[in-house]
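Following: one structure in structure tokens, then a few remarks.
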Number of protein chains: 2
Amino acid sequence: MAKTGPRLHAGGAGQRELNAALSGREPDHGSLAALLRQSGLKLTPQRHLICQLIENSDGHPTAEELYESATAVMPSMSLKTVYTTLNDLAALNAIRLVNVGTGGFRVESNLEPHGHLVCRMCGTIMDIPVNPAIEEELAVPPEIEFEVEQREVTLRGLCRSCASKQGEGAGA
Amino acid sequence: MAKTGPRLHAGGAGQRELNAALSGREPDHGSLAALLRQSGLKLTPQRHLICQLIENSDGHPTAEELYESATAVMPSMSLKTVYTTLNDLAALNAIRLVNVGTGGFRVESNLEPHGHLVCRMCGTIMDIPVNPAIEEELAVPPEIEFEVEQREVTLRGLCRSCASKQGEGAGA
DNA sequence: CACCTAATTTACAACGATTGTTACTTACTA
DNA sequence: TAGTAAGTAACAATCGTTGTAAATTAGGTG
Ligand SMILES: [Mn+2]
Ligand SMILES: [Mn+2]
Ligand SMILES: [Zn+2]
Ligand SMILES: [Zn+2]
């Protein structure tokens, strides 16, 4: 939805345009694409596109969603490449892959500590702040001896639009 | 002849043991089996067995684990029946089905509020207490309008035995 | 630039987890 | 006893994801 990015508009044979747009461009410093290249992996057009789509997404796209956006602009993109790239990015800690129980995993591009709201009807995910003081409190009883690497806070329920849909059914 | 106990149809081979255990016994009040019956669903031998296996489990069995235990005693049990029964129990709020990202879901038989430790290597889940005061703090920004039904706290990392295994590898 | 080679992508099969379908059993009822 | 509703088992199908192997390409070399 952001118009500030490179113009990758679809249309018949978009591949040439795409390559033109990509060739000779340094990926922005700090971007996913830059991280990929710095890691030694090749920055292919497929990977570059996937990185851009993640950065322009609502923040928690699924592999399938990225795939559909990608094929609109690069019809040859394979779903396997999407998965591979996401796994590569996750291995670099450039993204995280979170499973909130809505089927497949979702890309988490917000690496700051935060929590999630998950709608049980439509699967939408939204970020919420989590007071760092709380994170501190989420400790493990010492007798359990568990090496914590990551903390997750997830609130499940109904988003506004799903709640109103359900309200209609019951109330009217 | 009106027996006090449920009239449990005879099954195939391998069921004698089970029927002996079940015959003439009311399911304990408050048990999963009792909840099933109270709900109007029939308390079949399959369902009763699954309920018992859940109650005797470590607290977070997978459907597959329950299926394997079940077939040991009732070889005709189908995996589909396990899934169906788990979904029935979940619909009655007798259990919850939680997805901690370790493949399939797991049965959660502890309905008290608590958090989870999940080992990323072996998938083991352990319960941990979560300070109720923290639960309170996990609120939704008012502008988001989200109807929270459930709160989840999950800590990921390495359990003691997996951490020591990994330590070996690095040290040697 | 033309070429080389390892990395990558693709098409496609396979997989694990779960659900749909449907015929067969069983439980309860009239 | 047959009738009806519920439940089970066998099996196929689905979804999300990964494995495989052949074809393609990126990025360096002369
Ligand atoms: Mn997020
Ligand atoms: Mn638990
Ligand atoms: Zn919703
Ligand atoms: Zn472990």
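Chain identifiers are assigned alphabetically (A, B, ...) following the order of the sequence lines, protein sequences preceding nucleic acid strands; residue numbering begins at 1 within each chain.
- One interatomic measurement links the two molecules: CG of B:L79 to C1' of C:dT18, which rounds to 8 Å at whole-angstrom precision.
- As rounded to whole Å, 8 Å separates atom P of D:dT8 from atom CD1 of B:I50.
- Contact of the A:T124 side chain with the A:V118 side chain is not registered, since no non-hydrogen atoms from C-beta on lie closer than 4.5 Å.
- The closest side-chain heavy-atom distance from B:D88 to B:R47 is below 4.5 Å.
- The CG-P distance, from A:L41 to C:dA7, rounds to 10 Å in whole Å.
- Separating the CE atom of B:M77 from the P atom of D:dC11 is a distance of 18 Å, rounded to the nearest angstrom.
- Listed by residue number, the members of residues 81-97 of chain A with any heavy atom below 4.0 angstrom from DNA chain C are A:T81.
- Checking D:dA9, C:dT18, C:dT10 against the side-chain heavy atoms of B:S76 singles out D:dA9 as nearest.
- Between A:H114 and A:H60, the angle of the ring planes lies from 30° to 60°, which puts this pair in the tilted group.
- The CE-C1' distance, from B:M74 to C:dT25, rounds to 14 Å in whole Å.
- Taking 4.5 Å as the limit, every side-chain heavy atom of B:S161 sits out of range of all side-chain heavy atoms of B:C122.
- The nearest whole Å value for the distance from the CG atom in A:N99 to the P atom in C:dA17 is 13 Å.
- A:M121 and A:L155 end up in different hydrophobic clusters when Ile, Leu, Val, Met, Phe, Trp and Tyr side chains are linked at under 4.5 Å.
- Taking only side-chain atoms of B:K42, from C-beta outward, the nucleotide of C:dT18, D:dA9, D:dG7 with the closest atom is D:dG7.
- Of the candidate nucleotides C:dT10, C:dT8, D:dT17, C:dT10 has the atom lying nearest to any side-chain atom of A:K80.
- Between the P atom of D:dT25 and the CZ atom of A:R47 lies a distance of 15 Å, rounded to the nearest Å.
- For the atom pair B:R120 CZ and A:Q150 CD, the distance stands at 9.5 Å (nearest 0.5 Å).
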